[in-house]
Number of protein chains: 2
Amino acid sequence: MKLDKELLKGATETVVLAVLAQEPSHGYQLVQLLKSRSKGIFGFGEGTLYPVLYRLEEKGWIKGEWEAGNGQRRRRVYRVTSRGRRQLVKRTEQWAGLARGMTLILGGPAHA
Amino acid sequence: MKLDKELLKGATETVVLAVLAQEPSHGYQLVQLLKSRSKGIFGFGEGTLYPVLYRLEEKGWIKGEWEAGNGQRRRRVYRVTSRGRRQLVKRTEQWAGLARGMTLILGGPAHA
DNA sequence: GAGCAATACCTCGTTATACAAAGTATACAT
DNA sequence: ATGTATACTTTGTATAACGAGGTATTGCTC
């Protein structure tokens, strides 16, 4: 099942922040982490994730640093800043609120 | 807590379908139903909901009928069509998928 | 050393949506 | 008559996810 594009709006930044908070990563790696950690539910492409990273960095919620190439291809590793962590808390609360509302509407008296 | 605009994208049509499936309503009533049934979590305004209703009707998922004014102001009551009910099932599955993915990412090894 | 796959990054155009704000008009109570 | 709640409608703005295309490097294999 491929997730609806619109449904993901607003959630993408949150999962990116969450994964980076657990493990600093570069863009390409993030694509794979998001897929594996969500058991294949999320399948973000690079065309989605790189712009998200730039956005988050511009807002000061993550910080990227070029990793010197020790035989590796150069890559930019992103870490969550302290402001970013506060944001992650907020976003998580937002998500919980939405999830609660959805449950109330979808799972409520509908099955009565 | 006011829910982020972007986070709601894609979810709005689903909750509208869900409420209408439970109780055919007109637009103005829907504003209140969504608010009360979600215990205040959803606060959609008319400028959001009416366009949603038009969209859903155009797609054939709901059907509106003008209710003749028996002393009442004229109102358009919307009902979910059979195609709309199938859509609701799909949307609900989509939502469940997203919720599962979010839980995996947010609630997983983060608190380890 | 040519070819190829995987890695890693970047950018553009398209499309869809939530919302505020403003407007119109009716019913009803005071 | 004045106001309030009801009820519908439209416009403009901002944002975001994605596909598709592009560049460049590394390392493997023949």
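Residue numbers start from 1 in every chain, and the chains themselves are labelled A, B, ... in the order their sequence lines are given, proteins ahead of strands.
- One interatomic measurement links the two molecules: CG of Leu3(B) to C1' of dT17(C), which rounds to 16 Å at whole-angstrom precision.
- Distance, Asp4(A) CG to dA17(D) P: 12 Å, rounded to whole Å.
- The phosphate of dA16(C) has neither OP1 nor OP2 within less than 4.0 Å of any side-chain N or O from Lys59(B).
- Applying the 6.0 Å contact sphere to NZ of Lys59(B) captures more than 12 heavy atoms from other residues, nucleotides or ligands.
- Following rounding to the nearest Å, Glu6(A) (CD) and dG19(D) (C1') show an atom-to-atom distance of 15 Å.
- Whole-Å rounding puts the Leu56(A) CG to dA16(D) C1' distance at 12 Å.
- Atom CG of Leu49(A) and atom C1' of dC18(D) are 11 Å apart (whole Å).
- Rounded to an integer number of Å, the gap from NZ of Lys35(A) to P of dC18(D) is 13 Å.
- Here the closest non-hydrogen pair linking Gly97(B) and Leu3(A) is C-CD2, 4.3 Å.
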| message | So if I define the base as every atom that isn't primed, P, OP1 or OP2, how would nucleotides 9-14 of chain C read as a B/S/- string at a heavy-atom cutoff under 4.0 Å? | response | BBB---
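- At the phosphate of dT15(D), neither OP1 nor OP2 sits under 4.0 Å from any side-chain N or O atom of Arg55(A).
- Put simply, CG on Leu53(B) is 15 Å from C1' on dC19(C), counting in whole angstrom units.
- A salt bridge links Lys9(B) to Glu6(B): one of the charged nitrogens lies within less than 4.0 Å of a carboxylate oxygen.
- Here the P atom of nucleotide dC8(D) and the CD atom of Gln32(B) are 11 Å apart, to the nearest Å.
- Note on Lys2(B): a side-chain N or O is less than 4.0 Å away from OP1 or OP2 of dA20(C).
- Across every non-hydrogen atom of Leu17(B) and Val80(B), the tightest pair is O-CG2, 3.6 Å.
- In Glu23(B), the CD atom is crowded: over 12 heavy atoms of neighbouring residues, nucleotides or ligands sit closer than 6.0 Å.
- Using a distance-only test at 3.5 Å, with no hydrogens or angles considered, a donor-acceptor pair links the side chain of Glu57(B) to the main chain of Gly64(B).
- The closest side-chain heavy-atom distance from Arg73(B) to Tyr28(B) is not below 4.5 Å.
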